Peer 1: 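Take a look at this one; I'll ask things after.
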Amino acid sequence: MIAATEADWKLLTDLLEERFGLSFSGARQDILEGRLRPRLATLHLDGVRAYYHYLRAHPGSAQEFEELTTRITNNETYFFREAAHFNAIIEHVVPQLGSPLRVEPWRILCAACSSGEEPYSLAIRLDRCRPGTLRGALADRCLRPQPAQDRTRPPRHLRRAVVPRHR
Amino acid sequence: MPSLESLFASAPLHEQLEILTALARIGADSCRPFLSNCLTHPQGEIRRAAAHALADLAVPEDLDLFLTLAADGDWVLRSEAARALGQLRLAEGRPVLLDLVRDLEPAVARTARAALAGAT
């Protein structure tokens with residue numbers, strides 16, 4: 001692969017920011033490079049500038065942007081992933097909401113929740129401490145769910161599907 | 001090469017960009033007039049690809065051209081000029097590179113700094 005220049009990276013990352021609203025400046029450029037390298041090999045492209053040209057002008061660019069979405073966004077998701085985040089909500093946010101909201105259903109926006117594991121995990125945790133108080137709202141970036149590769153094992157999204165007991 | 005250049009006019013944009021890249025790879029002196037002409041092409045991506053190809057070639061005969069590109073309104077062309085001037089290492093390019101170090105576009109400024117340090 002030809003070494004990318006400053007301009008090569010800026011052209012590509014500006015395009016990604018314009019298209020997806022994602023920033024790949026600084027250290028995240030290494031992440032991007034790692035994720036793109038196999039794709040460039042598949043397309044027989046020898047560098048970042050050639051890939052930028054492909055995205056800008058190739059007839060298959062619309063399809064490539066779809067492919068790129070799955071490569072540069074985080075497809076990793078399963079129930080109760082990042083448990084500390086849920087703990088923080090239960091232990092720090094919920095107590096601050098206090099009694100006035102106890103009589104109203106809570107409406108929570110769980111942004112970029114992909115296939116839904118995060119809002120459902122949150123709903124399960126909240127239901128444990130405030131039964132029947134949740135009405136969920138989901139916002140999705142429409143990522144394609146990954147097909148199960150090995151049906152002899154539990155699906156990846158259930159790997160931690162043991163509901164933590166609320167303390 | 002003449003056949004590549006003749007294909008250029010009727011080719012779609014993605015093939016035009018590939019032709020410019022191919023001409024730079026061929027690296028022959030006779031490609032330079034064609035690439036220089038592309039710097040005035042109405043399509044911005046063509047101008048950028050032509051500047052990139054000329055900066056890859058970076059021959060001293062194109063010094064004036066790079067000095068002109070260094071003042072272009074398109075940051076990509078200024079960046080390519082900085083890269084080329086860094087490779088040429090000619091005294092005439094140094095004041096321009098010192099100006100480009102203060103370019104408002106950080107990518108141009110970084111390229112100019114690398115060029116002055118001899119890292120391009």
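Fair warning: this is a prediction, and the values are worked out from it, not measured in the lab. In what follows, chains carry the letters A, B, and so on, assigned in the order in which the sequence lines appear, proteins first and then strands, with residues in each chain numbered from 1.
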Peer 1: Between Gln16(B) and chain A, with a heavy-atom cut-off of 4.5 Å, which part of the residue counts as in contact: side chain, backbone, both or neither?
Peer 2: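 When you check distances to chain A, no heavy atom of Gln16(B) falls under 4.5 Å.
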Peer 1: Side chain from CB out, backbone as N, CA, C, O: work out which of these in Tyr52(A) comes under 4.5 Å of a heavy atom of chain B, or both, or neither.
Peer 2: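 Side chain only.
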Peer 1: Are the side chains of Arg48(B) and Leu11(A) in contact, using a 4.5 Å heavy-atom criterion?
Peer 2: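 Yes, their side chains come closer than 4.5 Å.
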Peer 1: Select one option (side chain, backbone, both, neither) describing which atoms of Thr5(A) are under 4.5 Å from chain B's heavy atoms.
Peer 2: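 For Thr5(A), the side chain is the part near chain B, not the backbone.
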Peer 1: Looking at residues at least two apart in the chain, or sitting in another chain, which of them share a side-chain hydrogen bond (donor to acceptor under 3.5 Å, both in side chains) with His52(B)?
Peer 2: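 Only Arg49(A), Glu80(B), Arg83(B) meet the side-chain hydrogen bond (donor to acceptor under 3.5 Å, both in side chains) criterion with His52(B).
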Peer 1: Quick check on the hydrophobic clustering: are Leu67(B) and Leu69(B) connected, directly or via other members, by side-chain heavy-atom contacts under 4.5 Å?
Peer 2: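 Yes, same cluster.
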Peer 1: Do Val59(B) and Leu90(B) belong to the same hydrophobic cluster, where Ile, Leu, Val, Met, Phe, Trp and Tyr are linked whenever their side-chain heavy atoms lie under 4.5 Å apart, directly or via other members?
Peer 2: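 No, it is not one cluster - the side chains of Val59(B) and Leu90(B) are not joined through contacts under 4.5 Å.
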Peer 1: What distance separates Lys10(A) NZ from Arg110(B) CZ, expressed to the nearest 0.5 Å?
Peer 2: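 Nearest 0.5 Å value for the NZ-CZ distance: 8.5 Å.
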Peer 1: Is the number of heavy atoms from other residues, nucleotides or ligands within 6.0 Å of CD (Glu61(B)) greater than 12?
Peer 2: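 Atom CD in Glu61(B) is packed in, count exceeds 12.
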Peer 1: Verify side chain to side chain contact (heavy atoms under 4.5 Å, CB included) between Leu20(B) and His53(A), making sure each step is shown before the conclusion.
Peer 2: CA-CA 11 Å; Leu20(B) 295 177; His53(A) 286 163; over 6 Å; no
Peer 1: Could you grab the distance from atom CD of Glu105(B) to atom CD of Glu6(A), nearest 0.5 Å is fine?
Peer 2: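 If I round to the nearest 0.5 Å, the distance is 9.5 Å.
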